[in-house]
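All remarks here apply to the structure that follows.
Keep in mind the model is a prediction, meaning the values are calculated, not measured. Throughout, protein chains are lettered first and strands after them, A, B, ... in sequence-line order, and every chain is numbered starting at 1.
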There are 2 protein chains.
Amino acid sequence: MEILDKEEILKQFPQLEQPLMDELLKQSTLKTIEAGDEVMRTGQYIKSTILLLSGLLKVYREDDEGNEFLMYYLEPGNACALSMMCTARNEKSQIMAKAVTDVEVLLVPSHLSEMWLGKYKSWHNFVIASYRQRFEELLQTLDSIAFKGLDERLLFYLKRHVKVSGKEVRLSHQQIADELNSSREVISRLLKKLEQTGAITLHRNYLEVHDLEIV
Amino acid sequence: MEILDKEEILKQFPQLEQPLMDELLKQSTLKTIEAGDEVMRTGQYIKSTILLLSGLLKVYREDDEGNEFLMYYLEPGNACALSMMCTARNEKSQIMAKAVTDVEVLLVPSHLSEMWLGKYKSWHNFVIASYRQRFEELLQTLDSIAFKGLDERLLFYLKRHVKVSGKEVRLSHQQIADELNSSREVISRLLKKLEQTGAITLHRNYLEVHDLEIV
DNA sequence: CTTCCTCTGTGACAAGAGTCACTGTACTCC
DNA sequence: GGAGTACAGTGACTCTTGTCACAGAGGAAG
């Protein structure tokens with residue numbers, strides 16, 4: 001286990017009170033995860049609360065036929081709400097979390113996380129706030145699926161992607177299609193249309209976003 | 001304000017500890033809501049946590065064009081997770097809660113609910129458990145929208161409806177269509193098919209469910 | 001009984017999205 | 001430079017869902 005850089009951690013979680021930070025530094029473990037690796041899947045027993053220090057995680061849903069769709073991204077400073085509330089789920093569909101880039105996480109043993117809820121007000125607030133944020137993001141995703149056509153969903157997806165990792169979207173059409181639970185051809189066509197409006201420029205294996213609001 | 005029937009309330013929320021129950025009885029207000037009335041809409045400032053004592057609430061999403069879809073039902077013993085985490089939301093789409101039947105709710109002022117989180121372990125657990133349940137239900141809804149065709153979504157919807165209010169589904173095709181964000185004609189056709197398999201029987205203004213598993 | 005209104009059933013058509021087949025294009029590795 | 005491979009573009013077709021138009025059917029109220 002590497003030595004925790006206190007300053008670094010504090011910077012990501014400034015809302016946590018001092019004594020809690022001390023415990024956190026002492027009791028949690030730092031883990032590095034390579035881009036592309038799976039961080040979590042429901043059904044598996046989750047024994048830790050996950051705090052994200054650096055990098056980018058995507059949380060998505062996968063059904064029994066291998067279809068998937070993106071729920072939301074987690075950025076540094078976020079906690080994985082699901083890791084806090086993972087009950088024994090034995091349904092067919094799963095929630096998965098995967099590292100988009102290399103990622104550093106802090107693992108807090110569940111029993112501690114549980115205990116801190118009563119002990120530290122700031123931890124408690126942090127946990128509740130995490131639930132809220134995830135709930136809201138999930139609702140946005142739900143909205144876009146329920147009310148919007150694929151063209152608007154694609155826009156929503158691109159906007160979100162730009163927000164977490166910049167205007168260079170380094171994804172193939174196939175990858176985008178997967179995350180929207182659609183098919184490559186359809187995404188290709190829609191992207192082409194977007195390019196024609198001038199909103200984006202297409203390249204091999206990536207695309208540049210110029211302005212998604214003009215559409 | 002009516003007098004709270006302690007026994008009744010205890011029965012719905014047996015997991016709450018005694019001193020908390022006492023405070024709850026003293027500090028919260030009972031409110032009766034008529035079938036069809038709106039309980040809540042986001043954006044509006046929510047000043048209370050809502051506990052459901054009797055009746056049935058539906059929680060649904062509505063977008064700016066009046067489209068809607070059902071998120072989940074709340075039954076007696078449930079709390080409205082949203083009333084606990086309503087931040088100032090000023091987006092276009094809204095979460096709405098409406099009474100399906102006549103409903104009795106207990107209103108807990110937000111500042112108390114907040115305080116109890118630290119004070120009573122059982123309250124804290126109850127709140128966390130509520131979040132979890134709603135999150136899970138929302139995920140199921142999301143799944144059915146993202147992965148399933150309308151036929152399967154209709155089945156899922158009917159099953160859920162049967163679970164909360166029995167095998168007589170007293171809804172017009174139009175109402176069902178609304179809750180699935182679809183159109184009457186399509187729902188009519190799908191229901192007809194279901195009737196042909198023997199899973200349900202159609203009537204004017206209601207339908208009987210026999211067995212939804214056989215489909 | 002008659003009128004009126006809401007709910008339901010149905011056929012025809014349109015639009016969106018998925019699938020298939022095939023072509024072209026850029027990059028990588030010998 | 002040439003072969004192989006993953007990615008991207010495109011047309012044709014199908015299926016599902018939504019829309020429009022209209023016809024019955026059942027209830028309610030007079």
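Both B/E185 and B/L190 lie near DNA chain D, and the one whose nearest nucleotide falls closer to the 5' end is B/L190. For the pair B/R204 and A/L202, nearest-nucleotide mapping onto DNA chain D gives the more 5' position to A/L202.
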Legend entry - Check against side-chain contact (heavy atoms from CB on, under 4.5 Å), A/L112 and A/T49: CA-CA 9 Å; A/L112 284 179; A/T49 297; over 6 Å; no

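Counting atom types as modelled, B/R184 pairs no side-chain N or O with a base atom of D/dG18 as donor and acceptor under 3.5 Å. A donor N or O paired with an acceptor N or O is found under 3.5 Å between the base of D/dT19 and the side-chain atoms of B/R189.
Among the heavy atoms of the strands lying under 4.0 Å from B/S183 is at least one base atom, whether or not backbone atoms are also near. Among the atoms of the strands shown, none is found under 4.0 Å from any heavy atom of B/L191.
Between A/Y73 and A/H161, the angle of the ring planes goes over 60°, which puts this pair in the perpendicular group of the 30/60° scheme. Between A/Y206 and A/H203, the ring planes are parallel. Angles under 30° get that label, and only those over 60° would be called perpendicular.
For DNA chain C, the span of nucleotides reached by chain B at under 4.0 Å from its heavy atoms goes, 5' to 3', from C/dT6 to C/dA12.
Other residues, nucleotides and ligands contribute at most 12 non-hydrogen atoms within 6.0 Å of the NZ atom of B/K31. Within 6.0 Å of NZ in B/K193 there are 12 or fewer heavy atoms belonging to other residues, nucleotides or ligands.
Between A/H173 and the phosphate of D/dG9, there is a side-chain N or O to OP1/OP2 separation shorter than 4.0 Å.
Considering CG of B/L70 and CD of B/E137, their distance stands at 9.5 Å, rounded to 0.5 Å.
Looking only at atom types and distance, the side chain of A/R153 has no donor-acceptor partner in the side chain of A/S182 under 3.5 Å away.
Between its two ends, the helix from C/dC1-D/dG30 to C/dC30-D/dG1 turns its axis by 30°, counting five pairs per end and rounding to 10 degrees.
Atom CG of B/N205 is separated from atom P of D/dA25 by 17 Å (rounded to the nearest Å).
Here the side chain of B/D143 pairs no donor or acceptor atom with the backbone of B/A146 at under 3.5 angstrom.
Applying the side chain to side chain donor-acceptor pair (under 3.5 Å) test to A/S48 and every residue at least two apart in sequence or in another chain returns nothing.
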